[in-house]
Colleague: 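One structure follows; several queries about it will come next.
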Amino acid sequence: MTTTSEKDSQQLTRQMSKRVSQSVFDGSPLRVVLLVDVYNGAQQQFLEAYEQLCNQVASVPGHISDQLCQSIENPSQWLITSEWESAPPFLAWVNSEEHVQMVRPLHSCVRDTRSLRFQVVRETGGAATGDVAQRRLQVAPRIGDGVIRHALTFTVKPGSEPQVAKILANYDSPETRVDETTRLVRTSLFMHGNRVVRAIEVRGDLLVALRHVARQPEVRAVEEAINPHLEQERDLSDDESARVFFTRAALPAVHHVSVDELPEGERYALYYPARPGSGMQLAEALARRDEEAAEDPTCPVLRSTIFQRDDVVVRLVDVRPGLDADAALPEPGSQAPLNALLDGGAARMELITDRRSPDA
């Protein structure tokens, strides 16, 4: 029988794998930093809206504490920090419709925000006086590849899929170099039924890259062309409408593992329909499976990224040249442990377009 101590040791050992460059499933405490730029003269309004929001957030499962700070140099600059038991409960909340409605009162007094999320690696004093395993801190820092992975997803009206696919496949790529430190690496578009998934890879600052892309005329033309086909209306020329759309469309990367440094591979996206309320559990189960597969030298997958929001789970895989997505799917009969979390079988998504930066 495996003891609690042995389980902790196994957990900590697994966390040290250099193949896994990103994961929200370590169980480490999460620190969230929100930088806020408030309109001049709206400081009191912002404070009142925050106090109302703070009371609501306090009852969210997984939330531990938060702090509100105001700059001593510029009264319009504020900082909100919060601590969570781990990343999954925070992501479940921040990507929920409840959160969208909860933060609406802030929009009228806030010019801009920037959210940063960090897993706690080391700490001093207080909770740090106990054993590291009790706080489930990471034993070693992750070794990444310098690429930030993110995705957006939305649905279109049934019957409009062929028109939408044609619009999304035929557009002029925007300038990939954003500034001295940020550039677009790759954009991959997939569809499954009436669901669209746009996976984005960026070196540098993701938010700066997304804003850059949104401003490009070729991209704006495409967004305008698909607007009539969307199931949920949006107006990207309106700040409030655009903010709500991108909040609802966000499909965060929750796990990434690289098996091999080979740059080229065949790219596929696999859609895993989760049973209601099981999306995060399903994503974690797939992440564990990817980690185990990464230790197999015959593994056909070069890289795997799992994106999850609510019950939408998408796995983006780069497969060794000459193979196809079937090599990345579970062997017949091996999916039994996932059946309780799946609402049907995994499905290969249709690739609409896959574009790399020339200097990627």
Side-chain angles (χ1 to χ4, degrees), residues 22 24 91 94-97 147-171 173-174 184-202 206 209-210 213-214 219 222-223 225-227 229-232 234 236 242 244-257 265-274 278-280 282-283 286-287 290 301 303-319 324-325 328-329 342-356:
Q22 177 185 358
V24 305
L91 292 175
V94 80
N95 293 322
S96 68
E97 187 64 27
V147 175
I148 303 171
R149 296 168 174 86
H150 188 66
L152 299 172
T153 186
F154 52 87
T155 55
V156 297
K157 296 173 183 176
S160 69
E161 295 91 345
Q163 300 99 300
V164 171
K166 184 176 181 180
I167 293 169
L168 293 175
N170 298 290
Y171 73 95
S173 298
L184 301 173
V185 176
R186 192 170 184 176
T187 300
S188 308
L189 271 159
F190 295 88
M191 291 184 68
H192 176 65
N194 69 330
R195 179 167 296 281
V196 177
V197 172
R198 177 187 289 135
I200 306 161
E201 296 178 7
V202 171
L206 175 63
L210 292 177
V213 171
V219 173
V222 169
E223 301 296 349
I226 64 173
N227 275 347
H229 304 297
L230 296 178
E231 284 198 310
Q232 287 190 323
R234 68 179 183 185
L236 296 183
V244 171
F245 169 77
F246 284 112
T247 298
R248 287 174 171 155
L251 189 63
V254 295
H255 193 83
H256 174 77
V257 58
E266 300 295 330
R267 173 156 288 191
Y268 300 93
L270 304 168
Y271 177 68
Y272 293 82
S278 300
M280 184 66 75
L282 176 59
L286 291 171
D290 274 353
V301 177
R303 284 166 292 277
S304 175
T305 306
I306 297 170
F307 301 91
Q308 181 267 331
R309 177 194 178 89
D310 297 330
D311 297 324
V312 177
V313 181
V314 174
R315 182 167 166 250
L316 187 69
V317 294
D318 292 338
V319 179
D324 63 21
L329 287 167
L342 281 167
D343 188 15
R348 185 188 305 191
M349 303 188 76
E350 177 188 359
L351 175 63
I352 305 302
T353 183
D354 182 26
R355 305 190 182 191
R356 279 178 173 270

Colleague: Is the shortest heavy-atom distance from the side chain of Val301 to the side chain of Arg315 under 4.5 Å?
Modeller: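 Yes, close enough: below the 4.5 Å cut-off.
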Colleague: Can you tell me how far apart CZ (Arg234) and CZ (Phe246) are? Round to the nearest 0.5 Å.
Modeller: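 So the CZ of Arg234 and the CZ of Phe246 are separated by 6.5 Å.
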Colleague: Are any non-hydrogen side-chain atoms of Leu230 and Phe154 less than 4.5 angstrom apart?
Modeller: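 The answer is yes; the side chains approach within 4.5 Å.
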Colleague: Mind checking the CD1-CG spacing from Ile200 to Leu184? Nearest 0.5 Å is all I need.
Modeller: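 Rounded to the nearest 0.5 Å, the CD1-CG separation comes out at 8.0 Å.
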Colleague: Can you measure from CG (Leu316) to CZ (Phe307) and round to the nearest 0.5 angstrom?
Modeller: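 Answer rounded to 0.5 Å: 5.5 Å.
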Colleague: Name all pairs fulfilling the salt bridge (Lys or Arg N to Asp or Glu O under 4.0 Å) condition that reach into residues 305-314, sequence neighbours left out, sorted by first residue then second.
Modeller: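 Listed once each, the pairs would be none.
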Colleague: Just so I know, are the side chains of Phe245 and Gln232 near enough to count as touching, which here means a heavy-atom distance under 4.5 Å?
Modeller: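 With C-beta onward as the side chain, the pair stays apart.
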Colleague: Kindly indicate whether the side chain of Arg149, heavy atoms from C-beta on, has any atom under 4.5 Å from the side chain of Pro252.
Modeller: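 Contact flag for Arg149/Pro252 side chains = no.
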Colleague: Would you give the length of the straight line joining atom CD of Gln308 to atom CE of Met280, rounded to the nearest 0.5 angstrom?
Modeller: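 Spacing of CD (Gln308) from CE (Met280) equals 4.0 Å.
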Colleague: Is it the case that the side chains of Tyr268 and Arg348 hold a donor-acceptor pair, with the cut-off being a distance below 3.5 Å and no angle test?
Modeller: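 No, no side-chain donor-acceptor contact under 3.5 Å.
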Colleague: Considering non-hydrogen atoms only, spot the tightest contact between Ser160 and Lys157 and give its length.
Modeller: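 Here Ser160 and Lys157 meet closest at OG-O, 2.6 Å.
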Colleague: Restricting to non-hydrogen atoms, name the atom on Ala169 and the atom on Thr353 that form the minimum distance, rounded to 0.1 Å.
Modeller: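 Minimum heavy-atom contact is CA-CB, 4.5 Å.
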Colleague: Identify which one of Leu251, Val254, Leu270, Leu282 satisfies the side-chain contact (heavy atoms from CB on, under 4.5 Å) criterion when paired with Val313.
Modeller: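 The passing option is Leu282.
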Colleague: Testing Arg355, Arg267, Arg303 for salt bridge (Lys or Arg N to Asp or Glu O under 4.0 Å) with Glu201, which one passes?
Modeller: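 When Arg355, Arg267, Arg303 are each tested with Glu201, the salt bridge (Lys or Arg N to Asp or Glu O under 4.0 Å) holds only for Arg267.
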Colleague: Search all heavy atoms of Phe190 against all heavy atoms of Ser188 and return the closest pair with its distance.
Modeller: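 Taking Phe190 first and Ser188 second, the nearest heavy atoms are CE1-CB, 3.6 Å.
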Colleague: Can you tell me how far CD1 of Ile167 sits from CG of Leu189, rounded to the nearest 0.5 angstrom?
Modeller: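 It comes to 12.0 Å.
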Colleague: About how many Å separate CD of Glu161 and CG of Leu168, when rounded to the nearest 0.5 Å?
Modeller: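 Result: 12.0 Å between the selected atoms.
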Colleague: Is any side-chain heavy atom of Val202 closer than 4.5 Å to one of His150?
Modeller: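 No. Closest side-chain heavy atoms not under 4.5 Å.
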Colleague: Cut-off 3.5 Å, no hydrogens considered: what does the side-chain donor-acceptor table look like for residues 192-199, sequence neighbours left out?
Modeller:
| unit_1 | atom_1 | unit_2 | atom_2 | d |
| --- | --- | --- | --- | --- |
| Asn194 | ND2 | Val156 | O | 2.8 |
| Arg195 | NH1 | Thr153 | OG1 | 2.9 |
| Arg198 | NH1 | Glu223 | OE2 | 3.4 |
| Arg198 | NH2 | Glu223 | OE2 | 3.3 |

Colleague: Of the non-hydrogen atoms in Gln22 and Ala253, which two are nearest, and what is the gap between them?
Modeller: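 Here Gln22 and Ala253 meet closest at NE2-O, 3.0 Å.
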